[in-house]
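Everything quoted here is computed from the prediction, not taken from an experiment.
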There are 2 protein chains.
Amino acid sequence: MVKQKPLRRMGQTNPPFMSGVPELLLLQLLAQREMYGYELVKSVKLVTGEAISLGEGVIYPVLHGLERNGSLKAKRKVVGGRTRVYYSLTAKGKRRLERLEQDWNRIQTGVNAALGAASHA
Amino acid sequence: MVKQKPLRRMGQTNPPFMSGVPELLLLQLLAQREMYGYELVKSVKLVTGEAISLGEGVIYPVLHGLERNGSLKAKRKVVGGRTRVYYSLTAKGKRRLERLEQDWNRIQTGVNAALGAASHA
DNA sequence: TCTATTACCTTGTAGCTCTAGGTATATGGC
DNA sequence: GCCATATACCTAGAGCTACAAGGTAATAGA
């Protein structure tokens, strides 16, 4: 019996520090009023002034993830023969939004500090 | 001979829209003066006011990538018996910095517009 | 009839970041 | 001399996000 070299543990990693912006945007939009997926796709482009454009392939998986972890609740409605899935924030989602917003402000401040440092060199 | 279903092409993807912030920070720091890897690790923490902390496992691969694509040039120096690899910006690196800075400002503006929209709802 | 639009969805990949290690030298305390 | 700490470099492999590229189905308009 050869002593097995213990496989590197590789516990779960923290999410990349810059990630979660799509999530932040969706939570923020849904904090104002309930919306459905396809609507959110257009809305993100709109409110960010075309600066950010997230495809359906990004939006839908994020929505499903947020629903699964209890940040969103979904409600199906049929409008004009088409099914829409409306999402709205839960209490947990509201907390998550606040936390992501803080994270965003923190890293934003950090990056800008680094960029600004050039001016007063 | 079965007609092979053509494998999904999966051309190269655009980099995730929020990525490249570590790269931006490193280029920005190196635009001011040449530095070596270990120094950059400390420096990033410092200039971002502890908001962002990139480990060596992040810094070194990024530096190598930037050198490989011609954005940085490296120069080895021995100081006090230890080898340091000093990096400095090339012309290409300068252009890359400017582009990443623009990208950053664009998405920053976009996100903040979305966040701000809540106030004047 | 054919195309565009709305509205949902998933699969598989690319690429980035992180963790967790590794090597080697110098320094200061005991 | 010995050991822990700091300096300084590095990599492999996993985790995860965001992406492109598809697919289904219904409606609306040309």
Chemist: Figure out the OH/C1' separation between Y36(B) and dT7(D), and round it to whole Å.
Modeler: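 Taking atom C1' of dT7(D) as the reference, OH of Y36(B) is at 8 Å.
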
Chemist: K45(A): which residues meet the side-chain hydrogen bond (donor to acceptor under 3.5 Å, both in side chains) condition with it, sequence neighbours left out?
Modeler: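 By the side-chain hydrogen bond (donor to acceptor under 3.5 Å, both in side chains) rule, K45(A) matches no residue at all.
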
Chemist: Nearest whole Å is fine: how far is dA7(C) P from K42(A) NZ?
Modeler: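 Computing the K42(A):NZ to dA7(C):P distance gives 9 Å.
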
Chemist: Between P on dA6(D) and CD on E39(B), what's the gap in Å once rounded to a whole number?
Modeler: 18 Å

Chemist: Roughly how far, to the nearest 0.5 Å, is the OH atom of Y87(A) from the CG atom of L30(A)?
Modeler: 9.5 Å

Chemist: Can you run down the ring pair (Phe, Tyr, Trp, His ring centres under 6.0 Å) pairs that involve residues 66-85 of chain B, sequence neighbours left out, and say none if there aren't any?
Modeler: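 Pairs touching residues 66-85 of chain B that pass the test: none.
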
Chemist: Using whole Å, what does the distance between atom P of nucleotide dC9(D) and atom CG of L40(B) come to?
Modeler: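 Those two atoms, CG and P, are 9 Å apart.
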
Chemist: Looking at Y38(A), I'd like to know whether one of its side-chain N or O atoms comes within less than 4.0 Å of OP1 or OP2 on dC8(C).
Modeler: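 No.
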
Chemist: Identify, with sequence neighbours excluded, every residue that meets side-chain hydrogen bond (donor to acceptor under 3.5 Å, both in side chains) alongside R33(A).
Modeler: E39(A)

Chemist: Should E34(A) and K77(A) count as an ion pair when the cut-off is N to O under 4.0 Å?
Modeler: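 Result for this pair is yes, salt bridge flagged.
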
Chemist: Between Q28(A) and L97(A), which heavy-atom pair has the shortest distance, and what is it?
Modeler: N-CD1, 3.8 Å

Chemist: What's the shortest heavy-atom distance between A51(A) and R106(B), and which atoms?
Modeler: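 For A51(A) and R106(B), the tightest heavy-atom pair comes out as O-NH1, 2.6 Å.
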
Chemist: Heavy-atom contacts under 4.0 Å between residues 57-71 of chain A and DNA chain D, which residues?
Modeler: G57(A), V58(A)

Chemist: Could you tell me how far apart L54(B) (CG) and dT19(C) (P) are, to the nearest whole angstrom?
Modeler: 11 Å

Chemist: Quick one: side-chain hydrogen bond (donor to acceptor under 3.5 Å, both in side chains) partners of E56(A), sequence neighbours excluded?
Modeler: none

Chemist: In residues 75-88 of chain B, which ones come under 4.0 Å of DNA chain D, going by heavy atoms?
Modeler: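 Only R82(B), T83(B), R84(B), V85(B) qualify.
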
Chemist: May I have the distance from E56(A) (atom CD) to dG22(D) (atom C1'), rounded to whole angstrom?
Modeler: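 So the two atoms are 12 Å apart, to the nearest Å.
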
